[in-house]
Amino acid sequence: MFDEEEMEKLLLAGKIAKIVRQAVPSMVFEGASVLRICDGVESEIARLGGSPAFPCNVSINDIGAHYTSPPSDTTVVPAGSLVKVDLGVHIEGLIADTAVTVSVGSDFEDMIKAVELALERGIQTVKIGGRIGDVGPVVEKTIRSMGYRPIRNLTGHQIEQYTIHSGLSIPNVSGAESVGKFQPWSVYAIEPFATLPKAAGEVREREPGNILHLVKLKRPKTEPQMGAYDEIYRKFRTLPFARRWVVGSGKAVNTMLAERLLYEYPVLVEASGMPIAQAEHTVITTDKESIVTT
Ligand code: MN
Ligand code: MN
């Protein structure tokens, strides 16, 4: 269970995430620098008293997830695009995870409505003792009823302290393997993704997206990796971090990647190149209720 302090931190992380998410549409416009969006989101989180639980993801059009700006990113938001901004806040490892999609003159505003409605209905199925597998059919049905298709291999997830994805997935489609029931005193992220009906409806991995995390708690014995490891562990533990956040340790980071001490997430793109919309909230359970923190 969460003690009073943990509960306060979870709720505060959620409150900060919500405030920052609500500011996102004003930061996303045609020609806006993606790097400035990332920096803006992350500095706003810090200004409000939180820390980013992972680098701000800005995933445009067919990119579904896991793109953040490299150190000198010149990417700008193109006209006619769907821009997903996914942000996380943590306070001493207690996390809120939320996302919003902005249409920048695209034809897909209804796709955003579809994922938002699917999210709302998905959240209603989060009940202590309820089956986790009940979320998928609700999400899929809602998205399909609005003429779109869910992304079958992007899912919600359980969250633990300092761990954004605990290993328990919450499928967004029916018939997907899903285990168990919603437990009391837990944190869950519900996050439907949709694409066009003619699309493949799944993502595949592409190039690395500048988001890394420590996979092995094993301190290197030589410099400069030892210093880089210490910095990463102190600042992020096992939470994801951006190349932008450790620019001074670039070389050591690459060595640690080669030695598999670090992992770099690949960008996930829709397999048939079709645009994706996403919506996400974090839900926590107590012994009697579920609360949307974001
Ligand atoms: Mn997220
Ligand atoms: Mn998530």
Side-chain angles (χ1 to χ4, degrees), residues 10 13-24 27-28 34 37-38 41-42 44-45 50-60 63-69 82-91 93-102 112 115-116 118-120 122-123 126 132 135-136 139 150-173 176 178 182 186-194 203 209-213 236 238-242 265-269 276-285 290 292-294:
L10 283 165
K15 192 176 164 189
I16 293 169
K18 179 179 185 168
I19 293 169
V20 179
R21 186 194 65 238
Q22 287 172 337
V24 162
M27 302 162 74
V28 177
V34 172
I37 297 169
C38 293
V41 162
E42 291 159 8
E44 195 59 10
I45 290 169
S51 302
F54 50 83
C56 174
N57 287 215
V58 179
S59 304
I60 299 175
I63 299 180
H66 298 170
Y67 179 87
T68 198
S69 281
L82 264 188
V83 182
K84 295 157 289 295
V85 175
D86 192 330
L87 61 105
V89 177
H90 84 94
I91 294 167
L94 296 159
I95 296 170
D97 182 3
T98 190
V100 64
T101 302
V102 182
I112 301 175
V115 285
E116 284 179 351
L119 173 59
E120 194 184 312
I123 286 170
V126 181
I132 289 168
V135 175
V139 164
I151 301 284
R152 63 158 191 84
N153 59 347
L154 286 174
T155 66
H157 50 100
Q158 190 177 358
I159 297 171
E160 285 169 0
Q161 193 167 13
Y162 286 108
T163 305
I164 187 71
H165 198 309
S166 74
L168 187 151
S169 294
I170 305 173
N172 285 318
V173 291
S178 84
F182 288 107
S186 301
V187 183
Y188 301 100
I190 307 296
E191 50 180 318
F193 294 79
V203 289
N210 310 297
I211 301 170
L212 306 96
H213 80 111
F236 320 120
T238 49
L239 288 172
F241 62 93
Y265 295 86
V267 166
L268 300 175
V269 293
I276 296 177
Q278 172 202 18
E280 179 176 23
H281 277 305
T282 297
V283 186
I284 64 176
T285 54
S290 53
V292 178
T293 66
T294 47

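Counting convention: from 1, in listed order, for ligands and their atoms alike. Starting from 1, each residue takes its place in the sequence as its number.
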Item checked: Name, closest N/O/S atom of Asp86 to the Mn ion (ligand 1) -> OD1

Next item on the list: Please answer whether the main-chain N or O of Ile151 pairs with a side-chain N or O of Asn153 as donor and acceptor at a distance below 3.5 Å.
Entry: no

Next item on the list: Using atom types as modelled and distance alone, determine if a side-chain donor or acceptor of Asn210 lies under 3.5 Å from a backbone N or O of Ala242.
Entry: no

Next item on the list: Report the relative orientation of the aromatic rings in Phe182 and Tyr188; use parallel for angles under 30°, tilted for 30 to 60°, perpendicular for over 60°.
Entry: perpendicular

Next item on the list: Please calculate the NE2(His157)-the Mn ion (ligand 2)-OE2(Glu191) angle and round it to 10 degrees.
Entry: 90°

Item checked: Donor-acceptor contact below 3.5 Å, side chain Asn172 vs main chain Glu191 -> yes

Notebook entry, point to check: If the Mn ion (ligand 2) is the vertex, what is the angle to OD2 of Asp97 and OE2 of Glu280, rounded to 10 degrees?
Noted result: 80°

